[in-house]
S.K.: 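What follows is a structure written as structure tokens; I'll ask about it next.
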Amino acid sequence: NQGAWRCRKGGRPSTRTMLPLREKQLEAIVRMLNLNRTPGEEDEDEESNWETVWKVLVLDSFCMDLLSPLVKVGDLLKHGVTLHMLVHGGRQALPDVPAVYFTRPTAENTKRICADVVGHLYGSFYLNFSSSLPRPLMEDLSAA
């Protein structure tokens with residue numbers, strides 16, 4: 001589609017071309033917040049319909065800056081996020097609650113995630129990274 005690449009004066013994309021990008025970003029965020037499932041999607045082993053799973057969201061400051069223009073606190077609640085915290089902040093254990101992590105794939109972040117897993121800080125862990133996870137960091141996570 002040639003129209004998708006048209007720019008306004010000054011070389012900046014028009015608002016019309018940015019809208020689909022924003023929609024795709026929101027779709028990816030909603031999927032992440034719903035434990036990497038689409039609302040309404042059923043697991044093969046589940047007999048019940050989709051219901052909200054209450055969870056915590058753990059972020060680094062970079063990913064918080066990515067989310068903040070796209071998602072408001074009310075949107076987080078709508079998708080079952082009861083708390084959102086920084087990965088390197090002080091956090092208490094919530095062993096019955098799943099945690100959705102959204103961080104950069106750095107050694108510092110993966111070290112902290114591994115400590116959370118080993119310490120059984122949450123009931124389950126859903127890991128999401130802002131870019132590709134390097135193999136050595138993936139191996140560190142799998143060893144935890």
S.K.: Quick one: do Leu127 and Met64 end up in the same hydrophobic cluster if we chain Ile, Leu, Val, Met, Phe, Trp and Tyr together by side-chain heavy atoms under 4.5 Å apart?
M.R.: no
S.K.: How far does CZ of Phe129 sit from SG of Cys63, to the nearest 0.5 angstrom?
M.R.: 9.5 Å
S.K.: Does the side chain of Leu35 come within less than 4.5 Å of Val100's, by heavy atoms?
M.R.: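 Side-chain contact under 4.5 Å: yes.
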S.K.: What's the shortest heavy-atom distance between Ser61 and Leu86, and which atoms?
M.R.: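 Scanning both residues completely, I find the closest heavy atoms to be N-CD2, 3.9 Å.
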S.K.: Below 3.5 Å, can you tabulate the donor-acceptor pairs from side chains in residues 130-141 to any protein atom, sequence neighbours excluded?
M.R.:
from   : atom 1 : to     : atom 2 : distance (Å)
Arg135 : NE     : Glu139 : OE2    : 3.1

S.K.: Could you list the residues that satisfy side-chain hydrogen bond (donor to acceptor under 3.5 Å, both in side chains) with Tyr126, not counting sequence neighbours?
M.R.: none
S.K.: Do Thr82 and Lys55 make a side-chain contact, defined as non-hydrogen atoms from C-beta onward lying under 4.5 Å apart?
M.R.: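 Not in contact.
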S.K.: To the nearest 0.5 Å, tell me how far Asn128 CG sits from Arg31 CZ.
M.R.: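 Between Asn128 CG and Arg31 CZ, I get 10.5 Å after rounding to 0.5 Å.
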S.K.: Give the cluster check for Phe62 versus Met85: same hydrophobic cluster or not, with ILVMFWY residues linked at side-chain heavy-atom distances below 4.5 Å.
M.R.: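 Different clusters: Phe62 never reaches Met85 through Ile, Leu, Val, Met, Phe, Trp or Tyr contacts under 4.5 Å.
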S.K.: Does some side-chain heavy atom of Ile29 sit less than 4.5 Å from a side-chain heavy atom of His79?
M.R.: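 No, their side chains stay 4.5 Å or more apart.
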S.K.: Give me each pair satisfying salt bridge (charged side-chain N to carboxylate O under 4.0 Å, His left out) with a member in residues 71-94, each pair once, sequence neighbours excluded.
M.R.: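 Those involving residues 71-94 are Arg91-Asp116.
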S.K.: Taking side-chain contact (heavy atoms from CB on, under 4.5 Å) as the definition, give me every residue that meets it alongside Leu77, ordered by chain and number, with sequence neighbours left out.
M.R.: none
S.K.: Pair up each side-chain donor or acceptor in residues 102-113 with any protein partner under 3.5 Å, not counting sequence neighbours, and list the distances.
M.R.:
from   : atom 1 : to     : atom 2 : distance (Å)
Arg104 : NE     : Asp60  : OD2    : 3.1
Thr106 : OG1    : Asn109 : N      : 3.1
Thr106 : OG1    : Asn109 : ND2    : 3.3
Asn109 : OD1    : His88  : NE2    : 2.7
Asn109 : ND2    : Asp60  : OD2    : 2.9
Asn109 : ND2    : Arg104 : O      : 3.0
Thr110 : OG1    : Thr106 : O      : 3.0
Thr110 : OG1    : Ala107 : O      : 3.1
Arg112 : NH2    : Gly89  : O      : 3.3

S.K.: Run the side-chain contact (heavy atoms from CB on, under 4.5 Å) test against Leu94 and tell me which residues pass, sequence neighbours left out.
M.R.: Val56, Leu83, Gln92, Val97, Tyr122
S.K.: Among the clusters formed by ILVMFWY side chains lying less than 4.5 Å apart, do Leu57 and Leu26 turn up in the same one?
M.R.: yes
S.K.: Does Leu33 belong to the same Ile/Leu/Val/Met/Phe/Trp/Tyr cluster as Leu66, with side-chain heavy atoms less than 4.5 Å apart forming each link?
M.R.: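 Per the 4.5 Å side-chain linkage, Leu33 and Leu66 are co-clustered.
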S.K.: Can Trp54 be reached from Leu76 by stepping across I, L, V, M, F, W or Y side chains whose heavy atoms are under 4.5 Å apart?
M.R.: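 No, because Leu76 and Trp54 fall into different hydrophobic clusters, even though each may have its own neighbours under 4.5 Å.
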